[in-house]
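Worksheet for the structure shown next.
Order of the sequence lines fixes the chain letters, A, B, ..., with proteins taken first and strands second; residue numbering starts at 1 for each chain. Since we're looking at a predicted model, the values are computed, not measured.
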There are 2 protein chains.
Amino acid sequence: MTAAASELTIGQVCARTGLSVHTLRLYEREGLFAGEVRRDGRGRRVYSAWDVEWLEYCMRFRASGMPLATIRRFAELVRQGVGNEHIRLKLLREHRDVVVERIAELSACLEVIDFKVGVYEEHLAQGNAGDLWGPP
Amino acid sequence: MTAAASELTIGQVCARTGLSVHTLRLYEREGLFAGEVRRDGRGRRVYSAWDVEWLEYCMRFRASGMPLATIRRFAELVRQGVGNEHIRLKLLREHRDVVVERIAELSACLEVIDFKVGVYEEHLAQGNAGDLWGPP
DNA sequence: CGTTGACCTAGACCCGGGTCGAGCATCTAA
DNA sequence: TTAGATGCTCGACCCGGGTCTAGGTCAACG
């Protein structure tokens, strides 16, 4: 029989999150979890539903460029429990700003790339001879 | 006296681009330049204005997440000269798509982060007790 | 003169973030 | 009962992208 739906093995968590077992164990070693990952009688990891929820946030943080070290700091704050919410908020806001910045940077790059794409399109459209972008 | 404005030393290029000498030399070794970097009589690098222009594009590519290997492929195409513009265009378009994707991903992350920021703000605003985001 | 500063090469090192493998334990199904 | 999954730990490895060092050349300045 299977355990309660919120008692997941590492393999199940992999399946749900797309992370590899290796990565999951790495994250644990690196202290990214906001609560000790429990073990069953045989020493195997047991993840709860909220461990997974937390992981999903971690994945968002990663996908938005937050380094593991920052996630660890955040996790530590959560582990310490009630009372430091303003610090957590500060951290989140700082990361938010980084992400906004990054989007702006990418958008600026995109404009440049689009410009160059336009140049090439035009060049090709008119079967233009002569090198685009070569030494003068 | 100084050389023509378009004949730059590596140090001058660093100053103009913000890249370190190390990085500039690395980029050259890695074949990122679209034209051989010339040398003066003493073996010192001499950069032309368009080398710098090219570098500026490279920096945009990097900033938008293009790996060095891809920049190298692009540079090779340019080095080969006239005739492969459609391939270059394809490469640029593919990268463009990657960037657009990435912006979308970041925007999605931003929403999640903003949501969590909102949760914390509310929590703090009402001096709420009880842990936000702790094991149930 | 000698020292200072900009440059050269080759190669080592570093960091972040995984990814993999060896060697072992346990459960399950054929 | 034995093979196959699945899990465990620990430590090695890998990759991308720099960054730094040692040891050397040269020109110009005081």
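- When rounded to the nearest whole Å, the span between CD1 of B/I10 and C1' of C/dG5 equals 15 Å.
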Annotated protein contacts, base or backbone, on nucleotides 17-27 of chain C with a non-hydrogen cut-off under 4.0 Å, one of B, S, - each: SBSB-----SS
Could you go through the salt bridge (charged side-chain N to carboxylate O under 4.0 Å, His left out) check for A/R45 and A/E28 one step at a time? CA-CA 10 Å; A/R45 291 170 177 82; A/E28 184 177 340; 2.5 Å; yes
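- Atom-to-atom, CD of A/E28 to C1' of D/dC8 comes out at 11 Å; the value is rounded to the nearest Å.
- Taking both residues in full, the closest heavy atoms of A/V46 and A/D51 are given as O-OD2, 4.1 Å, listed atom of the first, atom of the second, then distance.
- With salt bridges taken as basic N to acidic carboxylate O contacts below 4.0 Å, none links A/R16 and A/E56.
- Taking atom CG on A/L8 and atom P on D/dG7, their separation rounds to 11 Å, with Å as the unit.
- OP1 and OP2 of C/dC7 both lie 4.0 Å or more from every side-chain N or O belonging to B/R45.
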Might you work through the side-chain hydrogen bond (donor to acceptor under 3.5 Å, both in side chains) test for B/H95 and B/T70, ending with a clear yes or no? CA-CA 9 Å; B/H95 182 58; B/T70 305; over 6 Å; no
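- Other residues, nucleotides and ligands place more than 12 heavy atoms under 6.0 Å from the CD atom of A/Q126.
- One interatomic measurement links the two molecules: CG of B/L19 to P of D/dC20, which rounds to 14 Å at whole-angstrom precision.
- D/dC10 atom P lies 14 Å from atom CD of A/E30, rounded to whole Å.
- Computed from coordinates, the B/L24 CG to C/dA6 P distance equals 16 Å when rounded to whole Å.
- For the side chain to side chain donor-acceptor pair (under 3.5 Å) condition, the pairs that include at least one residue of residues 102-120 of chain A, sequence neighbours left out, are A/R102-A/E105, A/D114-B/R96, A/Y120-B/R88.
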